[in-house]
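Just below is one structure, and these are the notes that go with it.
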Amino acid sequence: VRLFRRGQYFIKDDDGVVGEFRNYDNVEDFDDFIKSSKESAVVLQDVAMAGDSSWIVIRDDSYVASKGVDEALTKQIADFYHQQQQRKRIRDLEIEDYQMGELEDHTEALERGGRE
């Protein structure tokens, strides 16, 4: 649950995402973004809104920041997601290598069993 100024809120639970942002200045792009995210089944994890109407939406594997968000902050977030994506790629390759090794071991055992 996130509560913002002027009655705005963002709630995420097992049933989905609900938010109210109508009284926020210059938030049309944000409302459109939230609606399109719901329609495309993008999972929103969190929302942060600043007093100047800038906002950041955090998703599982990406983020979206409006104009006005500090460049140093968006760089840190982008770096974080880049590092996480690299870690995931490496882990996926390790799992694939392991599974291929298991398959090769199984195939060799079957071949040896057929010769005995």
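Just so it is clear, the structure is predicted and the values come from calculations on it, not from any experiment.
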Residues forming a side-chain contact (heavy atoms from CB on, under 4.5 Å) with Gln99, sequence neighbours excluded
Ile95
How close do Arg59 and Gln45 get, heavy atom to heavy atom, and via which atoms?
C-CG, 3.9 Å
Non-hydrogen atoms of Ser66 and Ser54 that approach each other most closely:
OG-CA, 3.2 Å
So, using side-chain hydrogen bond (donor to acceptor under 3.5 Å, both in side chains) as the criterion, who are the partners of Glu94 when residues are at least two apart?
Arg91
Which residues pass the ring-ring contact (aromatic ring centres under 6.0 Å, His included) test with Phe80, sequence neighbours left out?
none
Contacts of Asp97 meeting side-chain hydrogen bond (donor to acceptor under 3.5 Å, both in side chains) (sequence neighbours excluded), chain-then-number -> none
Looking at Arg89, I want to see if its CZ is surrounded by more than 12 non-hydrogen atoms of other residues, nucleotides or ligands under 6.0 Å.
yes
Write out all pairs satisfying salt bridge (charged side-chain N to carboxylate O under 4.0 Å, His left out) with one or both partners inside residues 61-78, taking only residues at least two apart or from two chains.
Lys75-Asp79
Rounded distance [0.5 Å steps], CD in Gln85 versus CD1 in Ile90
12.0 Å
All heavy atoms of Thr74 vs all of Tyr63, minimum pair found to be O-OH, 3.4 Å
